[in-house]
Amino acid sequence: MYALVDCNSFYANCEKLFRPDLRGKAVVVLSNNDGCVVARSPEAKQLGIKMGVPYFQVKEFCEKNDVTVFSSNYTLYADMSHRVMSTLEKLCPTVEVYSIDEAFLYLADYPTAMTDLNAYGTKLKAIVEQYTGIPVCVGMGSTKTMAKLANYAAKKHPATKGVCVLDNLRWIRRIMQITDVGEVWGVGRRYKVRLNQMGIHTVYQLAICEPAKIRQHFGVVLERTCLELNGQSCLGIEAVEAKKQIISSRSFSTRISCPDELSQAVCSHAAKAASKLRKQDSVCHYLSVFAKNSSFSQTESYTSISGQCQFITPTADTRVMVAAARQILTQIFKKDVRYAKAGVMLFDICQHHEVQPDLFADDSSDNQTNQQSTSKSAEVIAVMDQLNKRYGQNSNQQSAVFIASEGIKDKQSWQMSRDMLSPCYTTNINQLPKVD
DNA sequence: TCTGGGGTCCTAGGACCC
DNA sequence: TCTGGGGTCCTAGGACCC
């Protein structure tokens with residue numbers, strides 16, 4: 001038996017938590033750069049504001065209807081997420097944190113939960129809400145896909161009071177019959193269209209399909225979904241593993257054509273990617289740089305540039321990676337393009353201790369010197385990481401110690417806009433909420 | 001004027017191996 | 001004229017997730 005605990009309108013509720021004056025009012029949270037709506041309180045959904053809609057299209061509507069709008073404050077959301085997850089870990093021995101706002105719990109080995117699933121679900125919900133202030137819904141089923149479905153039902157149908165246990169066949173069938181096939185975990189927009197064309201509209205219709213037929217038309221992934229809907233578990237609890245690919249990228253608030261400005265942006269992304277890499281104790285073999293103009297423009301043709309390089313000795317050294325990124329950019333740069341976004345990707349990532357030294361590396365200087373310089377470089381980076389950990393970032397997201405070619409962020413007019421950013425209530429001593 | 005930023009897995013086809 | 005059988009690795013593209 002699996003449970004899925006999913007926070008309700010997570011970002012919106014993180015914001016509301018510290019703003020009691022917004023209780024009962026419509027709140028939306030925007031994506032980076034204040035681009036799109038990515039979270040809505042129930043009141044905002046009620047008003048008909050759609051998920052993912054570009055903010056400029058609803059800005060006026062929000063002003064007229066007293067909707068409070070926030071820029072994304074990931075520092076706040078990450079901290080609140082951590083509180084929710086650690087609460088769950090106290091309540092169940094096996095927890096898989098699936099995303100910033102949801103987690104799977106594996107209940108089969110946990111007799112306390114199994115004796116009365118409904119009571120356990122209700123308890124989970126109440127305790128998370130009491131400890132963190134974040135409302136959640138709980139869904140339970142014999143497989144992960146069923147737990148997802150149950151969670152959807154718990155959110156959708158008020159009669160469940162936020163807890164839905166799919167443990168008897170009549171109830172399972174009923175929920176499946178009234179739920180659109182597009183709500184199934186693993187059925188996206190494209191598959192929904194194709195399933196509809198085959199006459200499959202409800203979850204129930206998918207569940208009673210011949211799995212082999214589904215495999216033939218859609219592949220093994222959807223076949224598993226189909227099996228999972230029949231109670232045959234194909235997906236288990238997964239351990240957190242190191243990323244196989246790391247990306248750092250961002251849209252600019254204004255367009256950039258100047259090579260120096262673009263270079264600063266790319267260098268910052270290289271530094272950030274390198275830092276992510278080190279956090280998981282990895283090194284990478286390949287680094288690629290990309291930049292592009294807006295794909296929405298009517299007047300400019302879509303232009304994207306990219307290039308990559310290989311590190312003979314895989315690395316996670318910020319200085320090496322920033323230098324490489326700069327070098328690549330000078331080779332691929334095209335002028336007269338109004339760049340809207342740039343970034344850096346890292347591939348072929350392996351653990352630090354798995355590295356194979358290069359047989360043909362230049363070791364004309366004696367080996368010992370070489371090893372010393374390698375460990376020196378590791379020391380420099382370690383000191384940099386320690387300083388940055390201790391002193392954090394300033395309000396412009398600039399680290400305490402950084403590579404000069406990243407530029408000074410205060411002076412970069414293209415940095416992302418976050419015009420409606422809330423304070424970091426829980427992570428910055430100067431921004432704690434005040435009670436008058 | 002203004003449209004996010006991450007990730008994963010699977011498949012088919014081609015190149016190549018013995 | 002006839003042209004095996006079994007396998008790996010890589011890449012691009014397509015789908016999905018939050």
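Worth saying up front: this structure is predicted, and the values here are computed from it rather than measured. Each chain gets a letter, A, B and so on, in the order the sequences are listed, and its residues count up from 1.
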Atom-pair distance (CD on Q415(A); P on dG4(B)), nearest Å: 17 Å
Sole residue of V163(A), L105(A), V165(A) in side chain to side chain contact (heavy atoms under 4.5 Å, CB included) with Y120(A): L105(A)
Rounded distance in Å - CE (M345(A)) to P (dG6(B)): 10 Å
Base-pair map of DNA chain B as dot-bracket, where | denotes pairing with a different strand and pairs are Watson-Crick or G-U under 3.5 Å: ....||||||||||||||
Touch class at under 4.0 angstrom, heavy-atom based, for K59(A) against every strand present: nothing
Rounded distance (Å) that lies between atom C1' of dC18(C) and atom CG of D6(A): 10 Å
Side-chain N or O of S253(A) closer than 4.0 Å to phosphate OP1/OP2 of dC2(B): no
Atom-to-atom span, CD of Q310(A) to P of dC10(C) - whole angstrom: 12 Å
Sugar-phosphate only, base, or nothing, as touched by Q57(A) at under 4.0 Å among non-hydrogen atoms: nothing
Out of dC2(B), dC18(C), dG5(B), whichever nucleotide has its closest atom nearest the side chain of S99(A): dC18(C)
Touch class at under 4.0 angstrom, heavy-atom based, for Y191(A) against every strand present: sugar-phosphate
Nearest-Å distance once atom C1' is located in both dC17(C) and dG4(B): 15 Å
Minimum-distance nucleotide to W185(A) side chain [options: dC10(B), dC16(C), dC18(C)]: dC18(C)
Euclidean distance, atom OH of residue Y77(A) to atom P of dG6(B) [Å, nearest integer]: 16 Å
Sugar-phosphate, base or nothing in reach of R215(A), heavy atoms under 4.0 Å: nothing
Rounded distance in Å - CG (L195(A)) to C1' (dC16(C)): 13 Å
Any side-chain heavy-atom pair of V283(A) and T315(A) under 4.5 Å: no
Phosphate OP1/OP2 of dC9(B): any K244(A) side-chain N/O under 4.0 Å: yes
